[in-house]
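Start at 1 with the first residue, then count along the sequence.
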Amino acid sequence: MMRPSLALLLIALSSAIALGAVSASHWERVPAKDHARANPLSGQPDAAAAGALVYRDHCQQCHQVNAQGDGRKRPSLRSEKFRNLSDGDLEWFLRQGDLRHGMPSWSSLPQAQRWQIVAYLRSIQ
């Protein structure tokens with residue numbers, strides 16, 4: 001039979017491990033194959049212009065007209081952190097979302113539109 005203090009210690013340790021796994025950065029969860037993906041629309045001005053329209057309809061409400069966010073829960077999409085992400089990271093995140101932090105999944109958008117948003121974000125950085 002396990003002593004109550006040892007059982008409590010095991011429960012606390014298990015909880016800490018589980019919370020650590022849950023709080024890992026969402027960027028660390030991007031699969032390598034997605035991280036390595038290149039935007040097939042990169043360098044196409046028409047794609048960035050189309051992405052601006054999609055951004056206006058789906059992203060602007062939270063991230064503001066200038067993509068600067070609100071400085072709190074809704075981050076700036078012009079920050080160095082975002083500039084250092086790969087195009088594949090950004091498309092993966094648009095597809096997956098992060099509801100715990102208020103970011104919806106845009107998997108319902110056609111993949112081409114997600115790539116257009118990425119092209120637009122690159123054009124304003």
Side-chain angles (χ1 to χ4, degrees):
M1 181 178 259
M2 193 179 295
R3 294 189 336 222
S5 60
L6 182 58
L8 221 71
L9 177 63
L10 288 174
I11 290 170
L13 183 58
S14 297
S15 297
I17 290 170
L19 283 174
V22 167
S23 67
S25 167
H26 45 265
W27 302 114
E28 294 169 5
R29 295 191 313 257
V30 178
K33 68 180 179 71
D34 287 306
H35 172 75
R37 291 174 68 202
N39 186 346
L41 306 177
S42 181
Q44 297 181 23
D46 289 347
L53 298 175
V54 179
Y55 177 90
R56 183 192 68 205
D57 293 343
H58 298 285
C59 311
Q60 180 175 304
Q61 179 179 354
C62 293
H63 294 283
Q64 312 302 319
V65 172
N66 61 4
Q68 291 288 13
D70 65 4
R72 296 184 313 270
K73 190 172 184 177
R74 297 169 175 139
S76 169
L77 303 178
R78 293 176 172 232
S79 69
E80 184 175 345
K81 176 181 175 180
F82 279 86
R83 283 193 299 273
N84 291 331
L85 295 170
S86 74
D87 287 355
D89 292 337
L90 295 174
E91 193 279 332
W92 177 87
F93 191 64
L94 288 169
R95 187 170 14 106
Q96 298 300 314
D98 186 359
L99 288 177
R100 285 189 359 219
H101 295 101
M103 174 66 181
S105 164
W106 293 111
S107 61
S108 61
L109 287 177
Q111 184 179 43
Q113 287 186 330
R114 293 191 304 269
W115 284 124
Q116 288 170 341
I117 293 171
V118 173
Y120 169 68
L121 292 175
R122 293 299 189 211
S123 76
I124 62 171
Q125 292 180 346

Q: Would you sort out whether V30 and F93 count as a side-chain contact (heavy atoms from CB on, under 4.5 Å), showing the intermediate values?
A: CA-CA 8 Å; V30 178; F93 191 64; over 6 Å; no
Q) Does the pair R29 and W92 meet the rule for a side-chain contact (heavy atoms from CB on, under 4.5 Å), with working shown? A) CA-CA 10 Å; R29 295 191 313 257; W92 177 87; 4.2 Å; yes
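- For the residue pair R114 and Q111, no side-chain donor N or O sits within less than 3.5 Å of a side-chain acceptor on the partner.
- Counting heavy atoms from C-beta outward, Q96 and S105 have side chains that stay 4.5 Å or more apart.
- A distance of 12.5 Å separates CG of L121 from CD of E91, quoted to the nearest 0.5 Å.
- Taking CG from L77 and SG from C59, the interatomic distance works out to 7.5 Å, rounded to the nearest 0.5 Å.
- Contact detail for A47 and L41: the closest heavy-atom pair is CB-CB, 3.7 Å.
- For the pair R95 (side chain) and W106 (backbone), a donor-acceptor distance under 3.5 Å is absent.
- Here the side chains of L109 and L94 are not in contact, with every heavy-atom distance at 4.5 Å or above.
- When all heavy atoms of P75 and K73 are compared, the closest pair comes out as CD-O, 3.2 Å.
- Between the CG atom of D87 and the OG atom of S42 there is a distance of 6.0 Å, given to the nearest 0.5 Å.
- The shortest distance between side-chain heavy atoms of K81 and W27 falls below 4.5 Å.
- Under the 3.5 Å distance criterion, the side-chain polar atoms of N39 are matched with a main-chain donor or acceptor of W115.
- Here the side chain of H63 pairs no donor or acceptor atom with the backbone of Q68 at under 3.5 angstrom.
- With rounding to the nearest 0.5 Å, the separation of CZ in R122 from CZ in R83 is 10.0 Å.
- With S76 contributing its side chain and G69 its backbone, the two residues share no donor-acceptor pair below 3.5 Å.
- A 4.5 Å side-chain heavy-atom check between Q116 and Y55 finds every atom pair outside the cut-off.
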Q: Kindly indicate, with the supporting measurements, whether the criterion side-chain contact (heavy atoms from CB on, under 4.5 Å) is fulfilled by Y120 and L53.
A: CA-CA 9 Å; Y120 169 68; L53 298 175; over 6 Å; no
